[in-house]
Structures are given as C-alpha cells and as structure tokens.
Amino acid sequence: MKGPSSMVPFDKLRARHGPRSLKRTHTCGDLTAKHAGKKAVLTGWCDVRRDHGGLVFVDLRDRYGKTQVVLDPKKIRQAKEIRPEYVLAVSGAVRKRPKGMENKKMATGAVELAVEECAILNRSPTPPFEISEEKEVSEDLRLQYRFLDLRKPKMQKFLILRHQTAQIVRNYFSQKGFLEIETPMLTRSTPEGARDYLVPSRVQAGKFFALPQSPQLFKQLLMVAGFDKYFQLVKCFRDEDLRADRQPEFTQIDVEASFVEREDIFALVEGLMAVLLKEVLGVKIKTPFDRLSYVEALWNYGSDKPDRRIVWKIVDVSEIFQKSPFKIFSQAVAGGKSVQTLKVTGTGVLVRKDFEALEALAVRSGARGLGWAKLTKEGWMSPIAKNFSEADKSALVKELQLKEGDAVLFVADEKNLACAVLGTLRLELAEKLKAIDTARNDFCWVTDFPLFEWSALEKRYVSVHHPFTSPHPDDLSLLAGEPQKVRSQGYDLVWNGSEIGGGSIRIHDRALQQQVFEILNISSADAERRFGFLLKALEYGAPPHGGIALGFDRLVMLLSGADSIRDVIAFPKTASATCLMTEAPAEVDARQLKELHIQTTR
RNA sequence: GGGGACGUAGCUCAAUUGGUUAGUAGCGCUGCCCUGUCACGGCAGAGGUUGCGGGUUCGAGCCCCGUCGUCCCCGCCA
C-alpha cells in the first residue's frame, strides 16, 4: 500500500476521471478562418508554451495538427501551470488572429482559440527528449520511450501512411475478387530456409510450434481447397540477423492465385503498384514493368536487384584483351575467365586514394584486385594502362565511348563474380558521386533465377527461392543431369534497387515435387515427415498456381521516404532483436519453464 | 559468427599532444519579469559515477584490454 503522501486529492482524481464537461468538438487540425466566431472544444498535448506574463500562448497538438490557444492567466488560473506534454481540454471561441499575426507555417495559422475554460487532464514530467523534429535524438532513447517518439508528427505521418497503404492494398485485391484468409501463427517448424522462432507446447510435452516464416504452405493448401484468389496482410517471423531494412517480425502482402501464369501475377502486382504510387505519392508510373533475366541483371548491373536509376552498365571487354600485352588480363581470358569493366562518368573529384579505397572494397567483395584508369586532360591516369597496347586503348575508347573525365574499373575473373564485384562498386560510387537519378521511379521484374545453388556449407543443392518453386518448363530435361543449369519460374520485383517482393509459379505435381526434394537431398521419408501434408494435398487435385509476397514494411518505407524500416513500424526491435521499451525477450519464471517441460542450459 | 562507427549534463554536442576544479556551449529544466508570440524575449539559477570493469601512467574523458548498449556492413535472411 502506498502511504497517504502519494495519494491524489479526491477533487483532482474526479477532475481526471470523472464525467467531463469539455467534450472535443474539433481536432487541432480542423480550425480555419471559416470557423471564426464559433465555439469549439479542443483536446491535445501542449507542444510549446509561450508565456508573456499577462498572456499565455499554447500550441495544442494532436495527430491532426496544431492549433494556437490563447489563455489569459487572470481568468484561467491553470495557464501558468501548463508545461509541455500536459494533456489539456480547452473550450472557447475561435477567432481570426489580429491582422499581420497570422502564421503561414501553420495549417490553422489564420485562427486561434480564445480559451474560456481549461482542464488539465493529465500532467507529465519533463520528457527525456523534446517532441519535435528539430533535433536528432539517439535511437535507443527513442525506442525506450517509443510512446513519446510516436507523438512526433513525422512518426505519426509514417504510421498514417502505413494505414492508408494497407487500406489501398485490401481494396485493390478485394475488388479483384481476392479473399483475405488468415493462416495460423502457431505452426510447424520447417527447417528449410531461415531459423524459426519456436513456441513450446504445454499440452504436448517436449514439442514445439514455430512462428511462420511465411504462410507459403498454407496458401498453397488454400489453392488446393479452391480459394483460387487469396491474399493476406500477414506477420512473418525469421530468427536471422537484422539490417536497416530487416526486422525479425515483419509484414508481408501475401498473394496466391490458381490457374495463372507468371504474366498474370505480374499484371496484378503492376496494377497494385500503379495504384499505390498514384494514391500515396501522386506519381504516375509506366506499366508493364521491364523484365530482366537474372543473367541480364547480373551481367549488366552486377546485382539481382539492379538500381537502374544509375546509368552505368558493366561491359565485357574480354575480347579486347585476348591478345593484350597486359598478361594479367590476357591470361585470365585465355584461362576461361573474363575481363569486365564499369565505365563511371563525372569522376573529376576522384583521386588515387579513392581508387585505392575502391580496390579494398573490391577485394572484400571477393575480387583478386581492381584495375582502374581515369581519363584526364593529360591522358590515361592508371597504374595498369602503361601495360596496355595502343590498340587496347583505342578499342576500349571505342567500345566504352570513353571521354575525358570518365574512369574505367576493371575486374578480371570468373564472369559472375567479376560482375558482382563491379555491381558493388557501382552502387558505392553512384552514391559518392551522386549519380543516382532520384527523381526517377524504376520498377523491374527479375526472372529466370537458377532453381538451385550449391551450398558449400551443407554440401548439397539448396533452393534459391524455396523448394516449391516450379522449374522452368524448358529446363525440365536438365533436372536429372544438370540441376545447376535449371532455371526456375521464380521472380523478384525490384523498385529503385530494393527487392520489394518475390514469388513463383509453384509445383502442383506430386511427382515433380518429389523429384525436387530428391535433388535437395531431402529423403522421401524426410519430405514425408516435414511436408507430408503438402505432398498429400498435391495428390488430391491441386490446381496450377503461383503467387508472390511483397515486403509491406519495406514498401511503406520506400513510399514514405523513411530511411529505416523501424520508422514505419510502431514498435520495432533493435539490431540485436530486442525491444528496448518492454525489454523483451526476458527471462521467465522457473514455474513457467517447468510447465512447458523446458530446461535452459544457461 | 566477423568487421566498422559511436557512448561526456535530461537532449544535441565541445574539451589541443595524456596535464589544474569537465563547458560563460545550444536546446530543455527551475525561479522571477513581460499582452501578440509562434523555435517569443529578458534576468538569475540548478544540473556530471565522462556506459561499466580492469590496466598503463606522477597524472586518463583522451592510451591499452575486457564488457554492455545503439547503429551500419559481411556472413545469414528458402
């Protein structure tokens, strides 16, 4: 029991919790000159207070805006008590501000509320940081006091935009005949893919649920059930390390449809993106989006999520160096490797040290080294060009259309690796040289991914997308002999160099699914144990089907211009997957563990 | 798992090469004054375990080791 000293006097308690005479009539974003002369009651938080002694101005804030209210301390005794973040209800007359006193920066700046009655609904200690966008506050403090951080208009704008985006998505799919169907959060662990978050079962001793990494299997089962058009805004969970655009729990726009081909999914999603950009950003985009094969993307841009707002492309110059006196390149070509180049424009500011830093990055990215040449007024500035023949140089100038101020980066290696390294440098340099056309919105589909890749770690093939992705029909004959050459019917959606979604046409044939499991070195007993329900469903009249999942948080981040995914999630986790506000995850009582039949080892 | 940046007042930051008792710092906070401000203004004031632990040194905010936390990147993320 608390002592009497901490008791709140009864009349104050009644003021806070009792019936209220001041019921809100307008929000703090509502009032304009046309309300002048009317009575209004506003509620909100004190944003700033300007005390002039005989007159007190308070900017009252709620999620709709801010309104200046004016208090005469002689009439309103609470005027002097008000502090930032106090919760107020004020009534009075709306009046036009005196001539010349209008505030053009405020939406409600033409008017103010002359307060006749003021109730302090709650008080606040001085907050740990100011609720304003003027100053950067360290993110750990913001996350600790998330309820205050979310009071900032900018954060509220993000969450409002998130809501609007969700509404548009739901409307779009509903209008196209798609049904939103929920799938379980407590499901079975599927060891393929990311690490699972596990949930112990109390009732089934020693057994565990897993939180879904995605509703992949359930949505396929819905197709088998005949719900031929499904979507869901759904939470997914992956226990992997975080990034600026990755959270352990995140939201997907999950979509699946039956009797469709790749192009049907593309058109569906293109339509959605067009509506979203129009409604949210007021931007008209061109559809259909360009389609690039995985190989095209990699060979031209050095990435499977190319940012085509950067004009520089990778060019294969192996042929030029076939007979070059520069042994490093000519021998690489002779040995079946290749020489890849990236021409970079506007490099006037780059000096030797910058290229050396680039070389270090290239080496970190897996290259053996980096060749570079910069065309200056004095000629070729380069540690390697002195080894080039004149024929090499003129062929390069012609092939790459080199001009003064351009630089060329060279990587000689196995083609895919060399391109990937140049792809990394391309992004790095474009950022540094501000060579990204940020006014552009570039969408593209990347298709024809390999179905499998060899995992050196696990010494087996693993799925590039997931094990239910259908092989490309033209490559079925390669499945048995050369699985690494099989392309998949998977696809990614890329927006300005960010992967915002991925999907595939699925396998709907039990025998083919079995064969894929075999290539993945999943025994039929294993497959039966883990995915038996799916295999069984495939036997009972599974329709051809396919779909996509779009990263909702990432999408909202890009639509809102937020620079971190955390800014568009109300209560996000830190890079070490903890919540600084609730301090989750936390230890639990020994009794709880016992009930769950669990013992911890540390 | 690995690499990098950062951690000083409530907040944002400063503090020369390791040198007195940490800085007239900005914002915020407290008190007083002020009837037209809007990032109000004026005067006065309070506020510090330099994340934590250890070491080197005559002397550490600064150097070294460890640790904790935040952020970014690689691995990882079907």
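For clarity, every value in this text was computed on a predicted model and none was experimentally measured. Within every chain, numbering begins at 1; the chains are lettered A, B, ... in the order of the sequence lines, protein sequences first and strands thereafter.
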Answer with base, sugar-phosphate or nothing: what part of the nucleic acid does A/Val462 contact at a heavy-atom distance below 4.0 Å?
nothing

Where the side chain of A/Thr574 is concerned, which of B/C11, B/C76, B/U70 is the nearest nucleotide?
B/U70

Nucleotide B/U70, atom C1' - distance to CD of A/Gln247 in whole Å
14 Å

For A/Arg188 and A/Thr190, test the side chains for any donor-to-acceptor distance below 3.5 angstrom and give the result as yes or no.
no

Tell me yes or no: between the side chains of A/Ser564 and A/Asp567, is some donor less than 3.5 Å from an acceptor?
no

Measuring to OP1 and OP2 of B/U70, would you say a side-chain N or O of A/Ser576 lies under 4.0 angstrom away?
yes

Roughly how far apart, to the nearest Å, are B/A46 and B/G26 at atom P?
15 Å

Rounded distance in Å between the P positions of B/A22 and B/C64:
23 Å

Side chains of A/Gln220 and A/Gln216: is there a donor and an acceptor less than 3.5 Å apart?
yes

No-H, no-angle donor-acceptor pair, A/Arg364 side chain to B/G4 base, under 3.5 Å:
no

The side chain of A/Pro128 lies closest to which of these nucleotides: B/G10, B/G75, B/C29?
B/G10

Can you find an N or O donor on one side and an acceptor on the other, under 3.5 Å apart, linking the side chain of A/Arg246 with the base of B/C77?
yes

Gap in Å between the two C1' atoms, one belonging to B/C68 and one to B/U24, rounded
36 Å

Just compare B/C71, B/G75, B/C11 and give me whichever is closest to any side-chain atom of A/Leu143.
B/C71

Classify the nucleic acid contact of A/Arg566 as base, sugar-phosphate or nothing, counting any heavy atom under 4.0 Å across all strands shown.
sugar-phosphate

Between B/C77, B/G10, B/U12, which nucleotide gets closest to the side-chain atoms of A/Arg238?
B/C77

Describe the nucleic acid contact of A/Leu242 in one word from base, sugar-phosphate, nothing, applying a heavy-atom distance below 4.0 Å.
nothing

Measuring only the P atom in each nucleotide, how far is B/C13 from B/A9? A whole number of Å is fine.
11 Å

Assign A/Thr578 to base, sugar-phosphate, or nothing according to its heavy-atom contacts below 4.0 angstrom with the strands shown.
sugar-phosphate

Decide whether A/Gln232 and A/Thr183 meet the rule of one side-chain donor and one side-chain acceptor closer than 3.5 Å.
yes

Whole-Å distance between B/C77 P and A/Lys573 NZ?
21 Å

Inter-nucleotide P distance (B/G48, B/A25), Å rounded
15 Å

A/Thr251 backbone acceptor or donor facing A/Asp553 side chain under 3.5 Å
yes

Could you verify whether a donor N or O on one side chain and an acceptor N or O on the other, from A/Tyr294 and A/Asp492, lie under 3.5 Å apart?
no

Donor-acceptor pairs under 3.5 angstrom involving side-chain atoms of residues 124-131 of chain A: please list them, not counting sequence neighbours.
unit_1   : atom_1 : unit_2   : atom_2 : d
A/Glu130 : OE2    : A/Lys135 : NZ     : 3.2

Do the side-chain N or O atoms of A/Ser132 get closer than 4.0 angstrom to the phosphate oxygens (OP1, OP2) of B/C27?
no

Please state how far atom CD in A/Glu136 lies from atom C1' in B/U70, giving the value in whole angstrom units.
14 Å

Identify whether any heavy atom of A/Val56 sits under 4.0 Å from a base atom; if not, whether one sits that close to sugar-phosphate; answer base, sugar-phosphate or nothing.
nothing

Encode nucleotides 31-40 of chain B as B, S and - characters from 5' to 3', where the letter depends on protein heavy atoms closer than 4.0 Å: B to the base, S only to sugar-phosphate, - to neither.
S--BBBBBSB

From B/C72, B/U12, B/C73, pick the nucleotide closest to the side chain of A/Ala575?
B/C72

Nearest to the side chain of A/Glu240, which nucleotide is it out of B/C77, B/C29, B/C72?
B/C77

Per the salt bridge (charged side-chain N to carboxylate O under 4.0 Å, His left out) rule, which among A/Lys66, A/Arg50, A/Lys105 passes with A/Asp59?
A/Arg50

Counting neighbours of NZ on A/Lys152 that are heavy atoms of other residues, nucleotides or ligands and sit closer than 6.0 Å, is the number greater than 12?
yes

With rounding to whole Å, what would you report as the distance between B/C11 and B/G19 at their P atoms?
26 Å

